[in-house]
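Remember, predicted model here, so these are calculated numbers, not experimental data.
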Amino acid sequence: MTDKEKENPQETDIRSKPTKSDDALEANTIEYKEKQGILSKEENNELHTDSGSTGSAGDGVAPPAGPSEQSASAAGTGESAPETTPASGAAQRPERAAARSAAAAEAGGTAPAAANGAAPTEGAAAEDGGDKAKAAAEARAARAAARAAKTAAPAEDAPPKPPSPNQPLLDRLVEILKGEVAEDAVDEAFINEIDGHRPFVVIRGEHWVRAAEVFLQHEELQCGYLRSVSGVDLGNQLEVVYHLLSIPLRKEYGVRVRTEREAPSVPSVVSVWPTADWNEREIYDLLGIDFPGHPNLTRIMMPDEWVGHPLRKDYEAYDPEV
């Protein structure tokens, strides 16, 4: 024994004895490791040994103090005590689960889990999933019915559609063509709203060349630029679509000329707009529309010996791999 220990033997005795706070800290640490599943083999054996000896008589080991006793001891020493020991906390968990299940059963509901903490059965989960799927299907059906009812609403309930800003331009175009070409030159007139409210007219084939000259020469039209020419297969008919532009007046027009499917023919307008040359040859090549008056109407993309016209809807390739 050192001189210092001889002078103060009480302090040496205090240091050598474990305090209650050390025991509480160790108990909390073991309980945390048990919950996390990281107990060592020695700690696990110690925990089971302690829980097995709890409350046994004749072995000389006193049972662990209850919460009230631990609180009283902690109050006497001025230290905080843990709420429960590992053994008592593990014992209370099944009791709390059983209490929740009993309360749910009394309320007429279904317990969230079994008394032993097991997950819900597969049948209950499948029934829950089936209810959700049924609810989702009913919601989709309701939305579809609402859309159908909205579509089937009377047209008179909708507000009148405002006129197109280019409607006066279309009316004047029809008036010019009927006066300069023929009264029956225009089969149809409409505004193509999705194409920037472009005025469109459907011209009879026999009046198309004269109508093209009017588009080019009339002072209110002056369409000197043929922007594009394209062919369309409508199924029962074929059609050629022209987009015209008046650069001086900054106006745009559209023209459609329809023809029969069996012997399709639309008069050539190369004499009016020379840029129509290659466009008409391409339409002749791919759709088979004849352009009488064209100076050199030959295939431009497919070989001369090619059979059929690839852009027709009823086209059947001689060699499907080509």
Side-chain angles (χ1 to χ4, degrees), residues 170 173-192 194-195 198-218 221-246 251-319 322:
L170 176 63
L173 173 62
V174 172
E175 183 180 352
I176 292 173
L177 293 175
K178 287 185 176 182
E180 298 289 334
V181 181
E183 188 65 27
D184 61 344
V186 180
D187 272 345
E188 186 182 348
F190 60 93
I191 296 291
N192 191 345
I194 63 174
D195 192 15
R198 186 191 303 272
F200 254 92
V201 289
V202 179
I203 305 285
R204 288 180 177 269
E206 60 268 25
H207 300 302
W208 172 224
V209 176
R210 175 57 187 155
E213 295 172 351
V214 172
F215 269 107
L216 176 64
Q217 299 168 2
H218 198 279
L221 301 177
Q222 301 185 37
C223 295
Y225 180 50
L226 178 61
R227 173 169 285 177
S228 67
V229 185
S230 57
V232 183
D233 187 350
L234 301 177
N236 58 340
Q237 284 183 316
L238 299 178
E239 182 180 76
V240 182
V241 183
Y242 303 82
H243 287 80
L244 308 174
L245 173 64
S246 173
K251 296 178 182 178
E252 299 185 45
Y253 301 94
V255 177
R256 295 183 178 183
V257 182
R258 293 168 183 166
T259 180
E260 297 298 327
R261 187 179 188 83
E262 296 303 324
S265 177
V266 174
S268 174
V269 289
V270 174
S271 60
V272 181
W273 296 291
T275 54
D277 189 339
W278 282 21
N279 297 116
E280 291 180 354
R281 287 180 61 188
E282 181 181 6
I283 296 169
Y284 165 75
D285 188 0
L286 301 179
L287 286 167
I289 300 177
D290 187 24
F291 290 92
H294 192 284
N296 183 29
L297 193 61
T298 57
R299 284 188 183 266
I300 192 173
M301 299 181 71
M302 313 303 291
D304 293 337
E305 65 274 9
W306 192 268
V307 178
H309 307 282
L311 289 188
R312 283 205 179 194
K313 293 182 178 179
D314 57 356
Y315 173 73
E316 295 182 7
Y318 179 74
D319 186 355
V322 176

Next on the checklist: By the definition ring-ring contact (aromatic ring centres under 6.0 Å, His included), identify the one residue from Trp208, Phe200, Tyr225 that meets it with Tyr242.
Outcome noted: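 Of the listed options, the one satisfying the test is Trp208.
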
Specify the closest pair of heavy atoms between [X] and [Y], including all atoms of both residues, with the distance to one decimal.
| X | Y | result |
| --- | --- | --- |
| Val269 | Ala276 | CG2-CB, 4.1 Å |
| Phe215 | Leu221 | O-CB, 3.6 Å |
| Ile203 | Ala211 | CG2-CB, 4.2 Å |
| Val174 | Ala189 | CG2-CB, 3.6 Å |
| Gly224 | Leu216 | CA-CD1, 3.6 Å |
| Arg281 | Leu297 | CA-CD1, 4.2 Å |

What's the separation between atom [atom1] in [X] and atom [atom2] in [Y], rounded to the nearest 0.5 Å?
| X | Y | atom1 | atom2 | result |
| --- | --- | --- | --- | --- |
| Asp314 | His309 | CG | NE2 | 10.0 Å |
| Asn279 | Arg227 | CG | CZ | 13.5 Å |
| Leu287 | Ser230 | CG | OG | 9.5 Å |
| Leu173 | Leu244 | CG | CG | 9.5 Å |

Checklist entry - Going through the checks in order, is the side chain to side chain contact (heavy atoms under 4.5 Å, CB included) test met by His243 and Glu252? => result CA-CA 7 Å; His243 287 80; Glu252 299 185 45; over 6 Å; no

Checklist entry - So does Glu260 have more than 12 non-hydrogen atoms from other groups sitting under 6.0 Å from CD? => result no

Next on the checklist: Run the side chain to side chain contact (heavy atoms under 4.5 Å, CB included) test on Leu311 and Asp285 for me, step by step, so that the C-alpha distance in whole Å, both residues' side-chain angles and the decisive distance to 0.1 Å come before the verdict.
Outcome noted: CA-CA 9 Å; Leu311 289 188; Asp285 188 0; over 6 Å; no

Checklist outcome for this item: Quick note, side-chain hydrogen bond (donor to acceptor under 3.5 Å, both in side chains) partners involving residues 263-276, not counting sequence neighbours, are Ser268-Glu280

Item to check | Check: Arg210 side chain, Ala185 main-chain N or O, donor-acceptor pair, under 3.5 Å | outcome: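 Not confirmed, Arg210 side chain does not pair with Ala185 backbone.
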
Checklist entry - Looking at residues at least two apart in the chain, or sitting in another chain, which of them share a ring-ring contact (aromatic ring centres under 6.0 Å, His included) with His294? => result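 Per chain and number, His294 pairs via ring-ring contact (aromatic ring centres under 6.0 Å, His included) with no residue.
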
Output a table of donor-acceptor pairs, distance under 3.5 Å, between side-chain atoms of residues 233-240 and any protein atom two or more places apart or on a different chain; print 'none' if there are none.
from, atom 1, to, atom 2, distance (Å)
Asp233, OD1, Gly235, N, 2.9
Asp233, OD1, Arg261, NH1, 2.5
Asp233, OD2, Arg261, NH1, 3.3
Asp233, OD2, Arg261, NH2, 3.1
Asp233, OD2, Lys313, N, 2.7
Glu239, OE2, Arg258, NE, 2.8

Checklist entry - So do Arg256 and Phe190 actually touch side chain to side chain, heavy atoms under 4.5 Å? => result yes

Checklist entry - Where do Arg299 and Glu305 land on the side chain to side chain contact (heavy atoms under 4.5 Å, CB included) test, with the steps shown first? => result CA-CA 10 Å; Arg299 284 188 183 266; Glu305 65 274 9; over 6 Å; no

Next on the checklist: Name the residue from His207, Glu206, Glu213 that meets the side-chain contact (heavy atoms from CB on, under 4.5 Å) definition with Val209.
Outcome noted: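 Only one of His207, Glu206, Glu213 forms a side-chain contact (heavy atoms from CB on, under 4.5 Å) with Val209, namely Glu213.
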
